[in-house]
Asker: 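Pasting a structure here, questions to come.
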Amino acid sequence: MISLTVAQMEGLLAQFGWPFVRILAFLATEAVLGNRAVPFSIKVALAVVVTVVVAPVLPAPPPLAVVSPEGLLILAQQVLVGVAMGFTTRIVITAAEMAGQMAGLQMGLGFAVFFDPQGAGQSPVVAQFMGVLAVLVLLASNSHYLMLTALVESFRIVPLSPAPLAAKGFLTLVSWASQIFQLGLMLSLPVVGALLVTNIGIGILTRAAPQLNVFAVGFPITLGVGFLMLYLSLPLLVPVIEQFSQAGFAVIQRILEGFRS
């Protein structure tokens, strides 16, 4: 019969419990498994597996009681660190969805919406397509392995400690979030630019032939040009998304270093 003392139980909870909280917070918010369509039980099971594999090789946790003010502070810090890392990777998907929303509105597909389980609301179909494309690019470029590597490395940069997190890490995270608009505009620029030229041409044609029904002619033209440019720009979008995802992992490094500065 296995018997454990209170001190041994406290040590096991500290060794496995605190890393589990950070890992679960990361997996619940990151770009691939963070989708609401993935059952939470799968996230918990994967977090347990990763914790059992990773926890024995991590630095020893501080000798503090889990149920204590310091222990609860460490617990809250693990949630913050995990969510910050997951949110950093989520920005890549959000930027791609924003690009699809901008392109869809210009194409006249603002009314073509479906239920988005991630945002728990209606989302344009082009935005969902771009989001799925970004997820597939992340998986094809082995970014999920880099996510796990960054997660394990985070315990070395930000070890388990009751010391408060520095504000510099949060400022870096907010600065990275502003890149959503830049990447969204970059990804949607081929479609938006082509549709701008198309709308100018339709406007000139309408002025030259006032009897022309712009609503009957303009919508099929803009829709066709939009789909054509979206098709032609797909090979160019993949390297941009991959480059942006690689930049995201560098930002995770700076965020973690900012937490300890």
Asker: Within the structure provided, determine whether Val191 and Gln106 are in side-chain contact (heavy-atom separation under 4.5 Å).
Answerer: no
Asker: Looking only at non-hydrogen atoms, find the nearest pair between Ile93 and Gly131 and report the distance.
Answerer: CG2-O, 4.1 Å
Asker: Does the side-chain contact (heavy atoms from CB on, under 4.5 Å) test come out yes or no for Leu196 and Val192, once each step is laid out?
Answerer: CA-CA 6 Å; Leu196 177 61; Val192 174; 5.5 Å; no
Asker: In the single-linkage hydrophobic clustering (I, L, V, M, F, W, Y; side-chain heavy atoms under 4.5 Å), do Leu73 and Phe170 co-cluster?
Answerer: no
Asker: Quick check for you: to the nearest 0.5 Å, what is the distance between Met85 atom CE and Phe259 atom CZ?
Answerer: 9.5 Å
Asker: Can you get from Val53 to Phe16 by hopping between Ile, Leu, Val, Met, Phe, Trp and Tyr side chains that sit under 4.5 Å apart?
Answerer: no
Asker: Answer yes or no: are there more than 12 heavy-atom neighbours, outside Phe244 itself, under 6.0 Å from its atom CZ?
Answerer: yes
Asker: Just wondering, do Thr222 and Met107 contact through their side chains at under 4.5 Å, heavy atoms?
Answerer: no
Asker: So, Ser233 side chain and Met229 main chain: donor-acceptor pair closer than 3.5 Å or not?
Answerer: yes
Asker: Taking the side chain as C-beta and beyond, is there a heavy-atom pair between Glu257 and Ile157 under 4.5 Å?
Answerer: yes
Asker: Please report the closest heavy-atom contact between Glu242 and Ser141, naming both atoms and the distance.
Answerer: OE2-CB, 3.7 Å
Asker: Could you tell me whether the side chain of Leu24 reaches within less than 4.5 Å of the side chain of Phe40, counting heavy atoms only?
Answerer: yes
Asker: Can you list the steps and then say if Phe87 with Thr29 is a side-chain contact (heavy atoms from CB on, under 4.5 Å)?
Answerer: CA-CA 6 Å; Phe87 182 72; Thr29 55; 5.7 Å; no
Asker: Could you check Phe155 against Ile23 for side-chain contact (heavy atoms from CB on, under 4.5 Å), going step by step and ending with a plain yes or no?
Answerer: CA-CA 10 Å; Phe155 288 98; Ile23 294 172; 4.2 Å; yes
Asker: Give the cluster check for Ile42 versus Val49: same hydrophobic cluster or not, with ILVMFWY residues linked at side-chain heavy-atom distances below 4.5 Å.
Answerer: no
Asker: May I ask you to check whether Trp176 and Phe249 place their ring centres under 6.0 Å from each other?
Answerer: no
Asker: Could you check whether any side-chain heavy atom of Leu256 comes within less than 4.5 Å of a side-chain heavy atom of Ile252, counting everything from C-beta outward?
Answerer: yes
Asker: If every non-hydrogen atom of Met186 is compared with every non-hydrogen atom of Val240, which pair is closest and at what distance?
Answerer: CE-CG1, 4.2 Å
Asker: Is the number of heavy atoms from other residues, nucleotides or ligands under 6.0 Å of Gln246 CD greater than 12?
Answerer: yes
Asker: Are Leu138 and Leu136 in one and the same hydrophobic cluster, where Ile, Leu, Val, Met, Phe, Trp and Tyr link if side-chain heavy atoms are under 4.5 Å apart?
Answerer: no
Asker: Which distance, rounded to the nearest 0.5 Å, do you find between the CG of Leu160 and the CG of Leu58?
Answerer: 7.0 Å
Asker: Say you draw a straight line from OG1 of Thr88 to CG of Leu173; how long is it, rounded to the nearest 0.5 Å?
Answerer: 5.0 Å
Asker: I need the minimum non-hydrogen distance between Gln77 and Ala163, along with the two atoms involved.
Answerer: NE2-O, 2.5 Å
Asker: A side-chain contact here means heavy atoms from C-beta on lying under 4.5 Å apart; do Val50 and Leu46 qualify?
Answerer: yes
Asker: I'd like to know if Glu153 and Arg156 make a salt bridge, using a cut-off of under 4.0 Å between side-chain N and carboxylate O.
Answerer: yes
Asker: Roughly how far, to the nearest 0.5 Å, is the CE atom of Met98 from the CZ atom of Phe181?
Answerer: 5.0 Å
Asker: Could you tell me if the side chain of Met102 sits less than 4.5 Å from the side chain of Val126, heavy atoms only?
Answerer: no
Asker: Which distance, rounded to the nearest 0.5 Å, do you find between the CG of Leu183 and the OG of Ser178?
Answerer: 11.5 Å
Asker: Same cluster or not: are Leu148 and Phe20 linked, directly or through other Ile, Leu, Val, Met, Phe, Trp or Tyr residues, by side-chain heavy atoms under 4.5 angstrom apart?
Answerer: no
Asker: Can you tell me how far apart CG (Leu223) and CG (Leu228) are? Round to the nearest 0.5 Å.
Answerer: 11.5 Å
Asker: If you compare all heavy atoms of Ala177 against all heavy atoms of Ile91, which two are closest, and at what distance to 0.1 Å?
Answerer: CA-CD1, 3.5 Å
Asker: Between Thr89 and Met147, is a side-chain contact (heavy atoms from CB on, under 4.5 Å) present by the stated rule, with each step listed?
Answerer: CA-CA 8 Å; Thr89 61; Met147 292 178 188; 4.2 Å; yes
Asker: Can you check whether Leu133 reaches Leu234 side chain to side chain, under 4.5 Å on heavy atoms?
Answerer: yes
Asker: Is a donor on one side and an acceptor on the other found under 3.5 Å between the side chain of Arg22 and the backbone of Ser154?
Answerer: yes
Asker: Please report the shortest heavy-atom distance between Leu165 and Arg260, naming the atom on each side.
Answerer: CD2-NH1, 3.8 Å
